[in-house]
Every structure is written in C-alpha cells, then in structure tokens.
There are 2 protein chains.
Amino acid sequence: MTDPVFQRQSKAIASSHRLQILDWLKDPRQHFAPQIDGDLVEDGVCAARIEEKLGLAQPTTARHLSVLVDAGLIVPKRIKQWTFYRRDETAIAMFRNSLANHL
Amino acid sequence: MTDPVFQRQSKAIASSHRLQILDWLKDPRQHFAPQIDGDLVEDGVCAARIEEKLGLAQPTTARHLSVLVDAGLIVPKRIKQWTFYRRDETAIAMFRNSLANHL
DNA sequence: ATCGAATATCCATATATTGCAATATCGCAT
DNA sequence: ATGCGATATTGCAATATATGGATATTCGAT
C-alpha cells in the first residue's frame, strides 16, 4: 500500500536540483569532460564535477546525491578517493512502471 | 528547463496521503458510497467523504486537496455547499509523459 | 434574518528539507 | 607519518511542509 521505496523515489525527484542531476547523468559525455580514473558511462560522473555544475556547496551536493542513492535511482562507485555516480536504469524503469500504477 | 508545472506535480505526488487520494479517485464507486447531489464519477467525490476516509482533520484534508488542485491533477466542482473532486485524467496522462521525459 | 452543514482560510506548532561552514574521514603521494 | 585532495558527516540557521484548532465563508432551509 504505502510502498516505502516508491515514497522515497517520488520524494527524491520532487527537487529541481536532483532532477537536474538525473538529467545530466542520462548522457554524461554530453555534459561532462572526460575523466582519468573513471569512465563517464561505465563508472559514472565524479561528485566534484556534479558539484561545480550544480553550483551548490559540497555538503549540499553530497546530500542530494545521497538522497538519490538512498532512493536507489543512482549508483555510487568508489574509485580511489573519488566517488562516481551513474543512473540505475533498471531501478528508474521500475519506478516509471510504479508511477504508471500509482498514478 | 525547470518547468514549474512539473515541479508542482512531482511535489504533489510526493506524499502518501495525496497518493492515497489519487488512488481512491481512480474508481470512486469502489471506494465511496453513492452521493445524492453529485455523481461519483461525473462530478467527483465529496470532500467530507475523502476527509473521513483519510482520517485527518478537515483543514488538513482541504490543504491536501488544494495542493492536488493547484498541481492540476484533480478538478474541483462546487455544487450547492459541497465540493466534489475528480481526477483530471488528461493532465495526469501528460504528467506521466513528462515523467518519461524527465526521468 | 437566522441557523446549520460543508468548505475554505487563518494562525500557531511540529516536523522535514535545504543550505552552508566546520570538521571528520578516506585514500593516495611523498 | 605527514600532507593533500576528495568525499562524508555534523551542527546550525532558514525555509518549507504538515497538522489541527479557531474562525470565516458559503449556501440551502426555515
């Protein structure tokens, strides 16, 4: 009934900043310069790159990213001292289906 | 880019109570007893019926309903001293499409 | 005109979210 | 071990949202 996962996901997308992040991550190559230690598509985009593009402070950006991770919409990957984030397309597709049901 | 309508709609559904309301309104006859002054399907469901089913106070329920109205997801219809609410299926379908784009 | 029922609005409180500064942690290099 | 860059966490102020009591408004009935 009150699916907690769906709840977190719908709250996660109820923010323009987080929607912006999800949108950028659709096509990382189009929005971010190539990286050295992680492949933009395979591993995801470095948190620092997202931060500077967002224009918010580092802790704030980290919080937004963790909300998206907790909702299962993006996946973090730690490589050396960096964390890369990429979309979880499967989870997002399931969420879209859930929306079709709940709406 | 930051579509205000989409913003309000995604915030509107980021609430279990409001999702619950939207769900009940999918099939009013299944969830509510027949009404005298307004047809459950044609006109919508009386606010008082929604209120008692939700179990929240009258002002709180009214607020939730107005959030959904402001988002354009449901339509109010005033008949005599009652207000009936029904889903705006067209707007909801458009919202679902927007979600497909934004997600 | 007055009353009662239904709904909307106003106000105050409680909780949640957003934002940033400061700080802690992690991982690599020296 | 020390330092440095990147990320995570904490603490706090500002803002937003949720909730319900009190009140106003609306509308029909008397």
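Order of the sequence lines sets the chain letters (A, B, ...), proteins ahead of strands, with each chain counted from 1. All heavy atoms count here, side chains included; hydrogens, waters and symmetry mates do not.
Phosphate contact (OP1/OP2 of D/dT7, side-chain N/O of A/Thr83, threshold under 4.0 Å): absent. In this structure, B/His17 reaches the D/dT19 phosphate: one of its side-chain N or O atoms is under 4.0 Å from OP1 or OP2. The phosphate of C/dC20 (OP1 or OP2) has a side-chain N or O of A/Thr60 nearer than 4.0 angstrom. Phosphate contact (OP1/OP2 of C/dA6, side-chain N/O of B/Arg78, threshold under 4.0 Å): absent.
In this structure, of C/dA6, C/dG27, D/dA8, it is D/dA8 that holds the atom nearest to the side chain of A/Ala62. Distance from the side chain of B/Ser15 is smallest for D/dA18 among the nucleotides D/dT26, D/dA18, C/dT9. The side chain of B/Gln81 has D/dG28 as its nearest neighbour among C/dG27, C/dC20, D/dG28. Nearest nucleotide to the side chain of A/Pro59, out of C/dA6, D/dT19, D/dT10: D/dT10. Out of C/dA21, C/dT9, C/dT7, the shortest distance to the side chain of B/Trp82 is found at C/dT7. With distances taken from any side-chain atom of B/Tyr85 to the nucleotides C/dC20, C/dA8, D/dT7, the minimum falls on C/dA8. When distances are taken from the side chain of B/Ala47 to each of D/dT7, C/dG27, C/dT7, the shortest belongs to C/dT7. In the set C/dG19, D/dA18, C/dC20, the nucleotide with an atom closest to the side chain of A/His64 is C/dG19.
Using a 4.5 Å heavy-atom threshold, the side chains of B/His17 and B/Thr61 count as separate. For the pair A/Ile21/A/Tyr85, no side-chain contact is recorded, criterion being any heavy-atom separation below 4.5 Å from C-beta on. By the 4.5 Å heavy-atom criterion applied to side chains, B/Val67 and B/His64 are not counted as neighbours. A heavy-atom distance below 4.5 Å is not found between the side chains of B/Thr83 and B/Leu65.
In this model, no side-chain donor or acceptor of A/Gln58 finds a partner on the base of D/dA6 within 3.5 Å.
A straight line from CD1 of A/Ile74 to P of D/dT7 spans 13 Å, rounded to a whole angstrom. Rounded to whole Å, atom C1' of D/dA6 lies 14 Å from atom CD1 of A/Ile36. Across the protein-nucleic acid pair, A/Lys11 atom NZ and D/dA16 atom P stand 17 Å apart, rounded to whole Å. As a whole-Å value, the separation of B/Leu68 CG from D/dT17 P is 14 Å. The CZ atom of B/Phe84 sits 10 Å away from the C1' atom of C/dA6 (whole-angstrom rounding). A/Glu51 has its CD atom 10 Å from the P atom of C/dC20, to the nearest Å. Rounded to whole Å, the distance from CD on B/Gln7 to C1' on C/dT18 is 14 Å. Going from atom CZ of B/Arg63 over to atom P of D/dA16 covers 12 Å, rounded to whole Å.
Within the nucleic acid shown, A/Arg49 has no heavy atom closer than 4.0 Å to any nucleic acid atom.
The 5' end of DNA chain C is approached more closely, in terms of each residue's nearest nucleotide, by A/Ala14 than by the other of A/Ile79 and A/Ala14. For the pair B/Ala48 and A/Lys80, both in contact range of DNA chain C, the more 5′-proximal nearest nucleotide belongs to B/Ala48.
Between B/His102 and B/Phe6, the ring-plane angle classifies as parallel under the 30° and 60° cut-offs.
The OG1 atom of B/Thr60 sits 9.5 Å away from the CG atom of B/Leu54 when rounded to the nearest 0.5 Å.
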